[in-house]
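One structure is given here, and the rest of the page talks about it.
Each chain gets a letter, A, B and so on, in the order its sequence line appears, and its residues count up from 1. Values below: every heavy atom of this structure, side chains too, minus hydrogens, waters and symmetry copies.
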Number of protein chains: 2
Amino acid sequence: MTGGNKNDKVNMKTLAKELNLSTATISKAMRDSYDISHETKLRVMEAARRLNYVPNAYASSLRKQSSNTIAIIIPEIADSFFSQAINGIESIIAPQKYHALIYLTHDSYEREASMFNDLASGRVDGVIMSVASSTQDTGHIKKLQETGTPIVFFDRVCEDVTADKIITDDYNSAYNAAVHLLLAGCKNISLVTISGYPSILSAREQGYRDALNNNGFTTDDTRVVTCSNKYMGENVNEIKAHLTTVKPDGIIATVEQLATATYLACDELKLQIPGDVKVVCFTNQITAAILNPPLTTVLQPAYDMGKQAAEILFSRLSGRLIESEQELVMPSQLVARASTAS
Amino acid sequence: MTGGNKNDKVNMKTLAKELNLSTATISKAMRDSYDISHETKLRVMEAARRLNYVPNAYASSLRKQSSNTIAIIIPEIADSFFSQAINGIESIIAPQKYHALIYLTHDSYEREASMFNDLASGRVDGVIMSVASSTQDTGHIKKLQETGTPIVFFDRVCEDVTADKIITDDYNSAYNAAVHLLLAGCKNISLVTISGYPSILSAREQGYRDALNNNGFTTDDTRVVTCSNKYMGENVNEIKAHLTTVKPDGIIATVEQLATATYLACDELKLQIPGDVKVVCFTNQITAAILNPPLTTVLQPAYDMGKQAAEILFSRLSGRLIESEQELVMPSQLVARASTAS
DNA sequence: ATGAAAGCGCTAACAG
DNA sequence: CTGTTAGCGCTTTCAT
């Protein structure tokens with residue numbers, strides 16, 4: 001360890017001394033202020049480079065009461081939808097020299113609430129989030145909002161929180177997915193979903209129910225499999241049990257993690273897709289096209305949703321956006337593949 | 001917006017006034033210091049809760065010269081290996097109340113270097129990283145190390161930087177993958193890889209070459225397809241061209257993103273896997289088992305690698321670990337599936 | 001165009 | 001056990 005971490009610590013004072021200027025002048029020069037002469041700026045820049053000077057982020061944040069940092073709060077990172085959304089967010093914030101703190105709730109309300117409590121520390125200027133599936137009470141979110149920290153939701157939004165929201169048309173997407181299965185000849189369609197409160201889950205379920213009901217089918221609750229956990233093995237078992245007892249000829253899976261579980265369940269029961277059961281899943285997995293069989297998906301514009309969320313958050317931060325909170329609905333796309341072929 | 005962001009800002013002074021104590025006492029009470037009476041601590045806690053007091057993170061960081069924040073610097077987030085590794089990192093840092101800033105290099109040296117320059121601002125206490133494939137010069141990394149910021153590499157390490165490193169045995173994994181293909185009857189094995197400098201790429205290539213050479217096969221450079229970009233379409237075309245001209249009967253793909261490209265290339269050329277070409281890929285994709293056909297993978301312990309990286313970083317940060325930097329080699333696992341069946 | 005000085009909110013000596 | 005004091009490094013009036 002070369003450990004030059006104590007003595008050669010170079011700050012504004014060092015620079016000021018080096019150039020016979022005040023720290024105020026250095027500060028202004030570094031930020032390219034209008035009332036510093038061009039020549040002085042050049043001298044400052046040169047010295048900064050030469051001495052490896054980088055302004056201390058926390059001193060600056062403390063003084064300015066703003067941090068150029070946002071929080072991304074999501075349930076899970078090993079998920080194509082969320083990781084693509086992060087790419088979208090990053091595409092906007094990185095050029096602006098903003099920083100992203102990432103927090104994973106693992107769908108736990110307790111963790112989410114604890115994270116929000118911490119964020120009141122002024123650590124971030126704003127938040128982009130997808131709420132945990134187990135979150136019902138939203139007091140923690142409203143409390144942070146009250147401190148003046150803007151929050152933008154994407155995908156898993158909270159209905160009872162007033163904030164900017166980026167979603168896809170979950171109701172229609174599910175409705176269309178169900179119609180797609182009906183047109184493929186299914187008479188007996190089940191929904192495989194996860195437990196939780198976010199409105200996107202109920203919207204997807206309602207879209208599924210309405211599509212069936214509007215087309216002469218009934219939808220009793222036995223046709224809805226609610227996977228209660230994230231352990232692949234248990235989900236597979238729940239789905240297998242359903243396939244064995246209810247014998248659906250079509251399945252709509254509402255979240256990405258259920259795609260693999262559904263395929264494995266069919267596999268283990270030697271059920272053919274799409275012969276015995278047709279499957280469509282809400283997922284952004286890039287491998288959907290090369291699955292056995294290729295999976296019909298409801299594809300969300302994850303990258304663009306992240307981009308939009310970041311852009312709206314920036315508008316709020318800059319004060320440019322003063323209108324009331326908006327809900328932006330972006331289009332999902334049903335990509336038909338062999339898993340739903342007639 | 002209830003906007004209580006100005007007037008009711010509650011800090012230590014507020015609390016001190018409220019309780020007729022000094023800010024020093026508040027500070028110590030909040031941190032559960034031994035020289036504060038139990039009773040006072042309770043009063044402080046109560047008041048803190050009542051007034052929604054949360055210590056300002058930046059004031060604390062500035063004063064303590066440490067931020068309880070680390071940086072995770074990776075090439076890409078929409079990648080199973082990296083997102084699983086992040087889960088591993090998070091499992092260690094979250095309970096310790098550490099925060100993670102995430103930076104994506106998109107494999108660009110310029111972005112990586114610029115990020116490292118910024119980190120000299122004291123924003124983070126340490127770094128966990130996987131280097132960009134285009135990074136050859138490592139000056140930016142060494143420069144940050146010289147400020148005393150510990151860096152732990154995982155997977156894509158820099159050979160010429162002295163630091164803690166968590167890797168898998170890339171040479172042997174590739175060697176074994178090649179042997180696996182030979183045993184499956186391949187006579188004509190190609191490597192599909194990406195351009196770049198990280199030693200894991202050359203190790204994987206060397207393992208492949210040695211396995212063939214040691215078993216009586218030659219490995220000329222025409223058998224190595226170097227995909228130069230990340231646009232799926234172009235990669236598919238490069239692989240198709242190779243399949244058409246060289247006609248390999250076995251393929252080893254060195255990184256996750258090449259799995260889908262390879263499958264699509266075979267698909268478009270109507271080549272059967274494993275009949276015409278057998279395929280094995282370094283990937284952690286959960287869908288490997290349900291691909292058409294199920295894909296033989298070299299599975300890295302991504303979650304545990306992230307965990308280890310975080311644990312070692314914490315040892316460094318706490319000063320517990322004083323020995324010289326270590327390289328921890330963790331085992332990969334060859335998971336044989338139908339894509340390499342004889 | 002530059003500088004002096006105050007202070008962001010917290011912590012760590014040190015005194016009492 | 002509690003308080004006083006001096007900063008951490010920066011930004012921002014306000015003078016000059």
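- No more than 12 heavy atoms of other residues, nucleotides or ligands shown are found within 6.0 angstrom of NZ on Lys143(A).
- Note on Ser22(B): a side-chain N or O is less than 4.0 Å away from OP1 or OP2 of dG3(D).
- Here Ser60(A) does not reach the OP1 or OP2 of dG9(D): none of its side-chain N or O atoms lies under 4.0 Å away.
- Note: CG (Leu62(B)) to C1' (dG9(D)) measures 6 Å, nearest angstrom.
- Distance Asn56(B) CG to dC8(D) C1': 13 Å, rounded to the nearest Å.
- Distance Asp32(B) CG to dT11(C) C1': 16 Å, rounded to the nearest Å.
- Ser61(A) comes within 4.0 angstrom of nothing in the nucleic acid, heavy atoms only.
- Distance, Arg123(B) CZ to dG9(D) P: 16 Å, rounded to whole Å.
- When heavy atoms are screened at a 4.0 angstrom cut-off, Ile26(A) is found touching no nucleic acid atom at all.
- A side-chain donor-acceptor contact under 3.5 Å links Ser134(B) to the backbone of Asp107(B).
- The interatomic distance linking Lys13(B) (NZ) with dT11(C) (P) rounds to 15 Å, in whole Å.
- Note on Gln65(A): every side-chain N or O is 4.0 Å or more away from OP1 and OP2 of dT11(D).
- Remark: Ser22(A) OG to Lys28(A) NZ distance equals 7.0 Å, nearest 0.5 Å.
- Between Thr25(B) and dG3(D) there is a side-chain N or O to OP1 or OP2 distance below 4.0 Å.
- To the nearest angstrom, P of dT11(C) lies 13 Å from CD1 of Ile36(B).
- Contact annotation: Asn11(A) reaches the phosphate of dG9(D) (side-chain N/O to OP1 or OP2, under 4.0 Å).
- Distance CE (Met12(A)) to P (dC8(C)): 19 Å, rounded to an integer number of Å.
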Passes side-chain contact (heavy atoms from CB on, under 4.5 Å), Tyr58(A) versus Thr69(B)? Steps please.
CA-CA 12 Å; Tyr58(A) 295 133; Thr69(B) 304; 4.0 Å; yes

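- Residue Gln65(B) comes nearest to Leu62(B) through the heavy atom pair OE1-O, 3.1 Å, listed as atom of the first residue, atom of the second, then distance.
- Between Tyr53(A) and dG9(D), a side-chain N or O to OP1/OP2 separation shorter than 4.0 Å is absent.
- Counting heavy atoms of neighbouring residues, nucleotides and ligands inside a 6.0 Å radius, atom CD of Glu159(B) does not exceed 12 of them.
- In this structure, CG of Asn20(A) is placed 13 Å from P of dT2(C), rounded to the nearest angstrom.
- Using modelled atom types and a 3.5 Å distance limit, the side chains of Lys97(A) and Asn68(A) yield no donor-acceptor pair.
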Enumerate all atom pairs, one protein N or O and one N or O from nucleotides 12-16 of chain C, separated by less than 3.5 Å.
unit_1: dA12(C); atom_1: O4'; unit_2: Arg63(B); atom_2: NH2; d: 3.0

